[in-house]
Amino acid sequence: MFTKILIANRGEIACRVIKTAKKMGIATVAVYSDADRDARHVELADEAVHIGPAPSRESYLVADKIIDAAKKTGAQAIHPGYGFLSENEAFARRVEDEGIVFIGPKHHSIAAMGDKIASKKLALKAKVNTIPGYNDVIESADQAVKIAKDIGYPVMIKASAGGGGKGLRVAFNDKEAFDGFTSCRNEAKASFGDDRVFIEKFVESPRHIEIQVLGDAHDNVVYLNERECSIQRRHQKVIEEAPSPFISDATRTAMGEQAVALAKAVKYQSAGTVEFVVGKDQSFYFLEMNTRLQVEHPVTECITGLDLVELMIRVAAGEHLPFAQKDVRRDGWAIECRINAEDPVRNFLPSTGRLVRYAPPPATMEAAAPMPAGGGVRVDTGVYEGGEIPMFYDSMIAKLIVHGRDRGDAIARMREALNAFVIRGVSSNITFQSALLAQPKFATGDFNTGFIAEQFGKGFRPADVPHDDPLFLVAMAAFVRRKARERSAGISGQLAGHGVKHVPNLVVVVLGSDGGQEHHAVRVDAFDAASGKADVVIGERHFAIQSDTKLGEIRVTGTCNGKPFTAQIERGGVKNPLAIRVAHNGQQIETLVLLPRAAELLKLMPHKAPPDLSKFLLSPMPGLLVDVAVQPGQKVMAGERLAVIEAMKMENILTASQDGEVKEVLARRGESLAVDQPIIAFA
């Protein structure tokens, strides 16, 4: 067994590998760029080596620097994690040639299966079901259009070396095929150093289901059941679960056996994933093989009780798989939500900056430890409170994983865990995840890869999230305000007869985004400061609330009418600095809790409308201005390309929302932009 390994990655996956290595008694070496000097994975590792500037092409993607770090520190093996160089055949070969063990498949397997064009040809030879498409290299956008028309729209344009949603577009017509090919090539070259692109038929209403495989150097290959990965946005997985709520045992077995056959055909050693698109009739077709550890591997670990990172390390050290196919378990249900630094309200654009507050829900499961009986909560992360979310890498903050007795139990656990996840300083997709879990079709398992586009086709607004009981949020605002008044009453130095008085009758004013107000008459009875209890009455509804959470804590726990809850409550809102914000199950309200007379006077206050910014193109995110496609005096049409911003390895094209004329270009190519910074002014 190895005594020291180097992790050629960053963020949560580097921390994840370090945890297992420590459990096995193996010393670890981290590598880091300028942007990651104070990162969590650097702190957790036994040693750390600086490998260059922040851009990944100058640090994490430079094979020479990674190998040199391994040699200098005496690391016997390199674990690549996922992304970066994990599926780079040349890197794996270099590592092997240098006498260092690559904790992953052999370079010939990566060459055969990591390349999506080659893997499809091999799949055909192995008699694995494949989707119709053009699997040779496409040289130009015009050729891409011709091929797409021959296959028949819609088609999927995908980078050969792609992954993680990078370098992928769906085209429904010639223009989308032409533009999609160009964008895919650009993203693929920037992210993977390989601009080859292929095209295949896009199966409408599909489900994305993948099989986890594991092989050793002694011709043993097993499959570890499946993962349901159909909840996707822009082809990026958002929620994953295991097992799938859709496929039958017969389909599971057939898919597993095909995945194993494919892995054996290339003498696959290590953990890998064979991805399939599955139709309504449970017919399935091979998509690709990811020759690495997947982001969503924790859900497989939960239901099987296996540590995939440990098994990868042991296989790389030459050990046999310690079990056979018949020994693979499938216990309970696991769900993973990817918590990303992105703003759902701004069309999920990246959000970078400092994590002013970061408090994940209490974890009851560890990544490198046995799963507890009855399930629990696990958080895989590479960040900490006060740390930075840099613009140079992907937007993941953490992976939130729950394990339950069954699917219903797992969904309930995940909703509570999301309620307890506190992130401030950057935007996150937590409210969106809550909205997905609240959808009836998700609860019944009736979805496909178009689920998010169908449910949120016009974009996402937190106000659209349904809540089981909206008055609960109102009651919590009144309850917290009453607790604050109790503390104020204890302040010394108040003149007799002029101290803070407790008035049971209050009005909770819910503030609307357009200046509207929703008034709720509320009475707070039987308040007991010692026990943190009160009876909040709204109309004929009674909310018996008990919570001993201290004032000032964002995460509030307790019971309401005997049922436990977790909510987030804090003072200070966007619309009013004196407001009380209450968030629960994806819904958030901003309130003012006032005496009845004050509420009457509030109705008379004029609403100050926000400034008209319709004459400007504003940067929707922090990022690098890669291109400005217009000039002063130029007339533009609605939908016309205006500028391109690069952030977190993704190209974001900004287009005109209406016809107009460019008055002035306010930002230059190569400039680093802040959120809402003007780029173009219109006449």
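Numbering starts at 1 and runs along the sequence shown. Everything quoted here is computed from the prediction, not taken from an experiment.
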With distance as the sole criterion, is a donor-acceptor pair present between the side chains of Gln212 and Asn225 under 3.5 Å?
no
For Lys201, does the NZ atom have more than 12 heavy-atom neighbours from other residues, nucleotides or ligands under 6.0 Å away?
yes
Charged N to carboxylate O under 4.0 angstrom, Asp136 versus Arg196?
no
Looking at every non-hydrogen atom in both residues, tell me the closest pair between Arg57 and Val62 and how far apart they are.
O-CG2, 3.3 Å
Among His403, Glu366, Glu301, Glu336, find the one that has a side-chain hydrogen bond (donor to acceptor under 3.5 Å, both in side chains) with Arg378.
Glu301
side-chain contact (heavy atoms from CB on, under 4.5 Å), that's the test. Do Phe456 and Leu436 meet it? Break it down for me.
CA-CA 10 Å; Phe456 301 97; Leu436 293 173; 3.8 Å; yes
Lys189 atom NZ: more than 12 heavy-atom contacts under 6.0 Å:
no
For the pair Asp409 (side chain) and Asp406 (backbone), establish whether a donor and an acceptor sit closer than 3.5 Å, ignoring hydrogens and angles.
no
Does the distance from a Lys or Arg side-chain N to an Asp or Glu carboxylate O, for Asp307 and Lys19, drop under 4.0 Å?
no
Shortest non-hydrogen contact between Arg413 and Gly404, atoms and distance
NE-CA, 3.8 Å
Take Glu12 and Arg16 through the test salt bridge (Lys or Arg N to Asp or Glu O under 4.0 Å) and record every step on the way to the result.
CA-CA 6 Å; Glu12 69 85 15; Arg16 166 71 185 90; over 6 Å; no
Do Arg234 and Gln232 meet the criterion of a side-chain donor-acceptor pair at a distance under 3.5 Å?
no
Enter the distance from His79:NE2 to Phe102:CZ here, rounded to the nearest 0.5 Å.
8.5 Å
Do His235 and Lys158 come within less than 4.5 Å of each other through their side chains, counting heavy atoms only?
no
Main-chain N/O of Phe284 paired with Asn129 side-chain donor or acceptor, under 3.5 Å:
yes
Starting at OG of Ser427, measure out to CE of Met621 and round the result to the nearest 0.5 Å.
12.5 Å
Just checking, is any N or O donor in the side chain of Ser140 or Asp142 under 3.5 Å from an acceptor N or O on the other one?
no
What verdict does the side-chain contact (heavy atoms from CB on, under 4.5 Å) test give for Phe286 and Ile131, after you've listed the backbone C-alpha separation in whole Å, the side-chain angles of each residue and the deciding distance to 0.1 Å?
CA-CA 7 Å; Phe286 171 71; Ile131 298 174; over 6 Å; no
What I want to check is whether the side chains of Ser434 and Asn585 have a donor and an acceptor closer together than 3.5 Å.
no
Can you tell me if Thr251 uses its side chain to pair, donor with acceptor, with the backbone of Ile247 under 3.5 Å?
no
Does a donor on one side chain and an acceptor on the other come within less than 3.5 Å for Glu210 and Thr273?
no
Answer yes if the side chains of Ser248 and Arg252 hold a donor-acceptor pair under 3.5 Å, and no otherwise.
no
Angle between ring planes, Phe442 versus Phe451, binned at 30° and 60°: parallel, tilted or perpendicular?
tilted
Minimum heavy-atom distance Leu437-Met414, with the two atoms named
CD1-CG, 3.4 Å
Do Ile78 and Val101 have side chains that approach each other closer than 4.5 Å (heavy atoms only, starting at C-beta)?
no
Side chains of Ile653 and Asp179: does their closest heavy-atom pair fall under 4.5 Å?
no
With a 4.5 Å cut-off on side-chain heavy atoms, are Val644 and Glu646 touching?
no
Counting N and O atoms only, with roles assigned by atom type, does the side chain of Glu200 sit under 3.5 Å from a partner on the main chain of Ile151, one being a donor and the other an acceptor?
no
Could you tell me which non-hydrogen atom of Gly318 sits nearest to which non-hydrogen atom of His218, and how far apart they are?
O-NE2, 2.8 Å
Any Tyr393 side-chain heavy atom under 4.5 Å of Phe84 side chain
yes
Using salt bridge (Lys or Arg N to Asp or Glu O under 4.0 Å), reason through Arg405 and Asp331 one step at a time and then give a plain yes or no.
CA-CA 8 Å; Arg405 298 183 304 275; Asp331 295 337; over 6 Å; no
CD of Glu240 to CD1 of Ile209: how many Å apart, nearest 0.5 Å?
13.0 Å
What I'd like to find out is whether the side chain of Leu168 reaches to under 4.5 Å of the side chain of Met156, using heavy atoms alone.
yes
Taking atom CG as the centre, does Asp97 end up with more than 12 heavy-atom neighbours from other residues, nucleotides or ligands that are less than 6.0 angstrom away?
yes
Given the rule in the salt bridge (Lys or Arg N to Asp or Glu O under 4.0 Å) test, do Arg233 and Glu342 qualify, once you have shown the distances and angles that lead to the verdict?
CA-CA 12 Å; Arg233 187 189 62 79; Glu342 58 190 15; 3.5 Å; yes
Atom OG of Ser230 and atom CD of Glu241: how far apart are they, to the nearest 0.5 Å?
8.5 Å
Do the side chains of Glu228 and Arg407 get close enough for a salt bridge, i.e. N-O under 4.0 angstrom?
no
Test Phe432 against every option in Val345, Ile452, Leu418, Asn340 by the side-chain contact (heavy atoms from CB on, under 4.5 Å) rule and name the one that passes.
Ile452
Evaluate whether atom OH of Tyr285 has more than 12 neighbouring non-hydrogen atoms of other residues, nucleotides or ligands under 6.0 angstrom away.
no
Can a donor-acceptor pair be found, under 3.5 Å and without considering hydrogens, that links the side chain of Ser183 to the backbone of Gly180?
no
Check against salt bridge (Lys or Arg N to Asp or Glu O under 4.0 Å), Arg169 and Glu176:
CA-CA 9 Å; Arg169 296 289 189 279; Glu176 291 180 359; over 6 Å; no
Does Val17 offer a backbone N or O that forms a donor-acceptor pair with the side chain of Thr20 under 3.5 Å?
no
Using the salt bridge (charged side-chain N to carboxylate O under 4.0 Å, His left out) definition, which of the options Arg207, Lys237, Arg227 pairs with Glu275?
Lys237
So do Pro105 and Gln269 actually touch side chain to side chain, heavy atoms under 4.5 Å?
no
Distance from Glu226 atom CD to Ile303 atom CD1, nearest 0.5 Å?
6.5 Å
Do the side chain of Asp446 and the main chain of Pro440 share a donor and acceptor less than 3.5 angstrom apart?
no
Kindly write out the residues that satisfy salt bridge (charged side-chain N to carboxylate O under 4.0 Å, His left out) with Lys106, not counting sequence neighbours, or none if the list is empty.
none
Main-chain N/O of Ser283 paired to Asp281 side chain as donor or acceptor, under 3.5 Å
yes
Please check if any side-chain donor atom of Asp174 sits under 3.5 Å from a side-chain acceptor atom of Tyr153, or the reverse.
yes
Determine yes or no for a side-chain-to-main-chain donor-acceptor pair under 3.5 angstrom, with Lys399 supplying the side chain and Val295 the backbone.
yes
Is there a donor-acceptor pair under 3.5 Å between the side chain of Asn347 and the backbone N or O of Leu349?
no
Distance-minimising heavy-atom pair for Leu321 and Asp216
N-OD2, 2.9 Å
Which atom of Ala263 lies closest to which atom of Val221, heavy atoms considered:
CB-CG1, 3.9 Å
Please examine the side chains of Ile239 and Phe447, heavy atoms only from C-beta on, and report whether any two atoms are closer than 4.5 Å.
no
Give, for atom OG1 of Thr130 and atom CG of Leu124, the distance between the pair rounded to the nearest 0.5 Å.
3.5 Å
